[in-house]
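A short worksheet on the structure shown next.
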Amino acid sequence: MTTEQHELAKAYRPADFEAATYERWLAADVFAPDGAGSRADASKPPFVVIQPPPNITGALHLGHALTSTIEDVMIRHARMRGHPTLWLPGLDHASIAAQYVLDQIIAKEGESRESLGRERYLERMWQFINATREVMLGQQRRIGASLDWGRLRFTMDEGSARAVRVAFTRLYDEGLAYRSEALINWCPGCRTSVSDLEVIPTEESGTLWTIRYHLIDEATGESSQTEWISVATTRPETILGDTAVAVPPDDDRYKALVGRLARIPFVERNVPIVADDVVDPAFGTGAVKVTPAHDKTDYEIGQRHGLAMITVLADDATINEQGDGYVGLDRYEARDRIVRDLDARGDLEATKPHPMLIGRCQRSNDVIEPRLKTQWFVRVAPLAALSLEATRSGRTTIVPSRFEKVWEHWLTSIHDWNVSRQLWWGHRIPAWYCPDGHVTVSAEAGGPSACGTCGRPAGELVQDPDIFDTWFSSGLWPFSTLGWPDETEDLRRYYPGSVMETGYDIIFFWVARMMMLGIHLAENIPFRTVYLHGLVKDPYGKRMSKTKGNVVDPLHAIDESGADALRFALVHGTSPGNDQKFRTEKLDDGRNFANKLWNATRFVLGARPSWIPADAARVAPDVSHLGPAERWIRSRTAAAIQAVDKGLAELQLAEVTRTLYDAIWSEYCDWGLELAKVRLADANVPAAAREATWWTLVESLDTYLRLLHPVMPFVTEELWAAIPHAAQDPDLLIVADWPAPGARDLAAEADVDAIIELVRAIRNARAEAGIVAASWLPVEVAVPARFGFAFEALAPAIARLTRARPLTIHANHAALQTAAPTGLAVIAGDFEARVMTAASGPSDGDRARLEKELAEAEGFLAAARARLANEGFTSKAPAAVVEGARAREAELAETVGRLKARLAG
RNA sequence: GGGCGGUUAGCUCAGUUGGUUAGAGCACAUGCUUGACAUGCAUGAGGCCACUGGUUCGAGUCCAGUACCGCCCACCA
């Protein structure tokens, strides 16, 4: 195989290659599990990630970028491990959200839903989404998402449409979907019903009015002027629909009134006084007006007591013909008028401010009105039970597990799902009504040929004008995208999915619905793992929103810092289920890291021993020529592989970036390259050894690029193309093999770590003493026998890093003291050194540093001794811990002794 | 009203099953154009781990409670 010699630019400029790199992946056809460039091992189980299809309403935000990145990390990792991977792209038609956006757009053009009419409105919608579609898909490509574009799906395409029809028909036939009049949440702004989940309880200051309902005199049948019952309400306009007054069952104040009648003002209706447990005697007057058609609790009271249910609001939240005297008034105008009129009648007893929760529409923010409507519902209890069984049995696990509690609670107290919406953009409910009122539900694309009950021809049937809740089609996503209801090869192979990844904010909207519908309709759980990420918040912990103006545009971030930097920033800050605060400085960290890696690679390429050809194929370093530094590098790389594997297995992705950032920057670059640099340039080192050093650098770099690829795919692909490859390597890193775990070399790690500590200590002494950084000074070091070999091997590098000239080695401390009675004293672990300054004896600054070190060491020593003096510790702590404490004590005592000796001398 | 999460350096966050001296990045201070990298290098300063009590030889870590912040759920009109 020929290695494509890729010239590396001097500076890291992501904009110069990211787009081209993505094109190379596309051209190689590596995203699809069965693509031409796939190196998947068909015998391995497929790895399927289910992506929440973003709403086709416009631009993607940071939350989308986070989702795409996390999923791409999972997919790329699985792909490199040789699994056939499926990550299916898609878009959601987002019926209510899309209509809301489009309504605002056409409003600016002076149009409205009504002025356009259904057909033209829908044409306009297609026009709109055709424009946003490419923009949104382009954004996903820019972030590097390796989605299988050949399988792109849209929730309004025919595949989804058919799945919706079949799913609903099946539910209907099984009695799990039904049409009924019930109290639903009505949004006057959107002119549609919405589900309970779409109602946002909002803390607001309202008013609590206490009003009088006069009792009916049992003798005369007339409204009494002396007897009344006082009720408290926050919504006086609903008086018009009152059909009872409810009191607590055993309340002495009201016992005698139960069974009597009260007169509702304005509409002059006589209603019963009933006793009901739900009434709290401590709230308000202890008596409550009952409006069954406009309040959830009242509705239940109404059902229990067989009360009339009178709807007084029209679809636009004005008072309808039931509200005698107030017809046509807006609900709030009617409220004001009614309060005034009550006051005028002398029936307004009290007015006081009242903090309360008001339900607002998630989309339009309009105040939701509960009201009676005939709607389609899905009976979810049996489906919820199946979903609970799936998580309880562990067939599906939720990460993080604390969300299982939330899941349990919601699914055990779930209400039937109102699936019909009085909107236009969406899947039409496949129900037809004949003039006799028969209902025919049909999965046929063209509708039923005749009424299923009486046989009237199709021409006489009228289809339900309503459409489905967006989440109904989203709920079918894991299987509708694989060809369901047909028993396709894809469905067999890729269902259930491996991981369903999304934000915790749509656990009920989407995750629970997929689970319920998947288990029932596709007859298996839709996914084995639910991974929930947190929300991306602004630097102050507030939700990002356009109205707040605190949004960070992912594309802008990519323009500024590169897609890899954005991905790094997002992954670095994420942990399962937890929100992250995002500040743009985080992008700098990612970009700087990529830049560091870029330059490290340039260094390694430039440090190639001249006799190795530039296009040489990769060879493993000759182990017989490895020095301590090389062994250390390899061992640290092996440690990184372990840590990264662990992080990925546990879905602790921030652990992965942390590990790699430290390993690459603080270990490989700061010490690995610095130590190797000297050896590579040292003419005294045999060629074979220098060769081994270089191949070690290449080998570790190669491993780090592979490990980092899932998180930072662009820069790693670009850099990988420039380094030597092994014969079995593919052309592209994206399909290269994931690194195999290697063995640690703890002896080498211990040696080099100790030497690093010495180098740091010498630098510190020099800096504290104010020695000019560039000056070279003689350094004398006492090297304990056990470090002898490693120290000698690394001596040239140590000399360079400490600016020691010459660097003289002594066999023991006594020899050092004799040879170098003066100079800056450096005591680091078992090493002791002297930096020979011109001055003789410890200077004041030197003395201060040593005294500080002594005080510190003495403090630790005292603590160690106290611990060991504690009989409880020595008898109860594990032997290894006690042993460690003893060793620690000895070491500290040694250090203290040497510091004291130095200060005395 | 019920439940969940958070509280560790100025800021953003790590901290494995309790065990030597609590870490990182950014910001800060000082000094460096050291032939990969100033998007950098070196060195340093900076923490009563929210509070109270308990368990333990030993607590940032486990338990109970408190405070504050955030979120979810819920039929006080």
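Numbered from 1 within each chain, the chains take letters A, B, ... in sequence-line order.
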Touch class at under 4.0 angstrom, heavy-atom based, for Leu208(A) against every strand present:
nothing

Is the phosphate of rA77(B), meaning OP1 or OP2, less than 4.0 Å from a side-chain N or O of His354(A)?
yes

What does Asn870(A) touch in the nucleic acid at a heavy-atom separation under 4.0 angstrom: a base, only the sugar-phosphate, or nothing?
sugar-phosphate

Give Glu650(A) one of three labels, base, sugar-phosphate or nothing, depending on what nucleic acid heavy atoms sit under 4.0 Å from its own.
nothing

Answer yes or no: does a side-chain N or O of Asn592(A) lie under 4.0 Å from OP1 or OP2 of rG40(B)?
yes

Interatomic distance at C1', rU8(B) relative to rA24(B), whole Å:
13 Å

Any base atoms under 4.0 Å from Ala885(A), or only sugar-phosphate, or nothing? Heavy atoms, all strands.
nothing

Check the distance between rG5(B)'s C1' and Leu535(A)'s CG and give it to me in whole angstrom.
13 Å

Distance, rounded to the nearest Å, where Glu655(A) contributes CD and rG23(B) contributes C1'
12 Å

Using the side-chain heavy atoms of Ala773(A), tell me which of these nucleotides is nearest: rC73(B), rG31(B), rG25(B).
rG31(B)

Nearest-Å distance for atom pair CG/C1', residues Asp579(A) and rU7(B):
15 Å

Look at Lys581(A) and rU12(B) and indicate whether a side-chain polar atom (N or O) is within less than 4.0 Å of OP1 or OP2.
yes

Looking only at the side chain of Lys10(A) (C-beta and beyond, no hydrogens), which of the listed nucleotides rU12(B), rC71(B), rC37(B) gets closest?
rC37(B)

Do Val406(A) and Phe508(A) come close enough that some side-chain heavy atom pair is under 4.5 Å?
yes

Which value, in whole Å, describes the distance between the P atoms of nucleotides rA22(B) and rC49(B)?
11 Å

Nucleotide nearest Val406(A) (side chain, heavy atoms from C-beta), chosen from rC57(B), rC72(B), rU20(B)
rC72(B)

Given Watson-Crick and G-U pairs under 3.5 Å, RNA chain B in dot-bracket ([ ] crossing, | other strand) is (((((((..((((.....[...)))).(((((.......))))).....(((((..]....))))))))))))....

First of Glu300(A) and Leu673(A) reached from the 5' end of RNA chain B, by closest nucleotide
Leu673(A)

Salt bridge or not between Glu369(A) and Arg235(A)? Use side-chain N to carboxylate O under 4.0 Å.
yes

Roughly, in whole Å, what's the span from CH2 in Trp407(A) to C1' in rC4(B)?
17 Å

Strictly below 4.0 Å: does Lys405(A) bring a side-chain N or O up to OP1 or OP2 of rG3(B)?
no

Taking only the side-chain heavy atoms of Met356(A) (C-beta and beyond), determine which of rC26(B), rC37(B), rA77(B) contains the nearest atom.
rA77(B)

Report yes or no: is there a donor-acceptor pair, N or O only, under 3.5 Å between the side chain of Gln652(A) and the base of rA14(B)?
no

Tell me: CZ of Arg658(A) to C1' of rC13(B), nearest whole Å?
7 Å

Report the nucleotide, chosen from rC57(B), rC37(B), rU12(B), that has the shortest atom-to-atom distance to any side-chain atom of Ala877(A).
rC57(B)

Residue mapping more 5' on RNA chain B - nearest nucleotide basis, Ile771(A) or Pro281(A)
Ile771(A)

Roughly, in whole Å, what's the span from CZ in Arg591(A) to C1' in rG40(B)?
12 Å

Please list, for nucleotides 41-43 of chain B, all pairs of protein and nucleotide N/O atoms separated by less than 3.5 Å.
{"residue": "rC41(B)", "atom": "OP1", "partner": "Lys596(A)", "partner atom": "NZ", "Å": "2.7"}
{"residue": "rC41(B)", "atom": "OP1", "partner": "Trp665(A)", "partner atom": "NE1", "Å": "2.7"}
{"residue": "rA42(B)", "atom": "O3'", "partner": "Arg763(A)", "partner atom": "NH1", "Å": "3.4"}
{"residue": "rU43(B)", "atom": "O3'", "partner": "Asn764(A)", "partner atom": "ND2", "Å": "3.3"}

Arg849(A) vs Glu853(A), test: salt bridge (charged side-chain N to carboxylate O under 4.0 Å, His left out). Steps then yes/no.
CA-CA 6 Å; Arg849(A) 173 176 57 85; Glu853(A) 282 175 20; 3.6 Å; yes

Rounded to whole angstroms, how far apart are CG on Leu411(A) and C1' on rA74(B)?
16 Å

Picking from rC57(B), rG25(B), rA77(B), which would you name as closest to the side chain of Val288(A)?
rA77(B)

Are any of the side-chain heavy atoms of Arg805(A) and Leu777(A) separated by less than 4.5 Å?
no

Could you work out the separation of rU39(B) and rG5(B) based on their P atoms and round it to a whole Å?
43 Å

Rounded distance in Å between the C1' positions of rG10(B) and rG54(B):
34 Å

Side-chain contact check for Asp589(A): nearest option of rC26(B), rU16(B), rA14(B) is rC26(B)

For a quick check of understanding: with a heavy-atom distance under 4.0 Å over all strands, which category does Arg235(A) fall into, base, sugar-phosphate or nothing?
nothing

Indicate, with a heavy-atom threshold strictly under 4.0 Å, whether Pro201(A) touches base, sugar-phosphate, or nothing.
nothing

Check the distance between rA36(B)'s P and Asn595(A)'s CG and give it to me in whole angstrom.
14 Å

With the side chain defined as heavy atoms from C-beta on, Lys542(A) is closest, among rG70(B), rU39(B), rC26(B), to rG70(B)

With salt bridge (charged side-chain N to carboxylate O under 4.0 Å, His left out) as the test, would you mind laying out the steps for Arg212(A) and Glu349(A) before giving the verdict?
CA-CA 7 Å; Arg212(A) 286 174 184 168; Glu349(A) 224 167 64; 2.7 Å; yes

Could you work out which one of rC73(B), rC75(B), rU39(B) sits closest to the side chain of Thr297(A)?
rC75(B)

Please report the distance separating the P of rG47(B) from the corresponding atom of rA9(B), rounded so that it comes out in whole Å.
10 Å

Residue pair Asn550(A) / Tyr540(A), side-chain donor-acceptor N/O under 3.5 Å:
no

So, are Arg331(A) and Glu237(A) salt-bridged, with charged N and O less than 4.0 Å apart?
no

For rC26(B) and rG65(B), measure between their C1' atoms and round to the nearest Å.
37 Å

So does Arg803(A) get a side-chain nitrogen or oxygen closer than 4.0 Å to the phosphate oxygens (OP1/OP2) of rC32(B)?
no

Counting only side-chain heavy atoms from C-beta out, which of rC73(B), rC57(B), rC76(B) sits nearest to Phe283(A)?
rC76(B)

Quick one: sort the Phe593(A) and Phe568(A) rings into parallel, tilted or perpendicular, breaks at 30° and 60°.
tilted

In terms of relative ring orientation, are Tyr704(A) and Tyr668(A) parallel, tilted or perpendicular, with 30° and 60° separating the classes?
perpendicular

Side-chain heavy-atom pair Ile368(A), Trp186(A) within 4.5 angstrom cut-off:
no

Parallel, tilted or perpendicular, as decided by the 30° and 60° cut-offs, for the rings of Trp598(A) and Phe17(A):
parallel

Which value, in whole Å, describes the distance between the C1' atoms of nucleotides rC76(B) and rC71(B)?
23 Å

Mind checking the C1' distance from rU52(B) to rA67(B)? Whole angstroms is fine.
11 Å

Asp564(A) bridged to Arg591(A) by N-O distance under 4.0 Å
no

Taking side chain as C-beta onward, heavy atoms only, is Val245(A) less than 4.5 Å from Val290(A)?
no

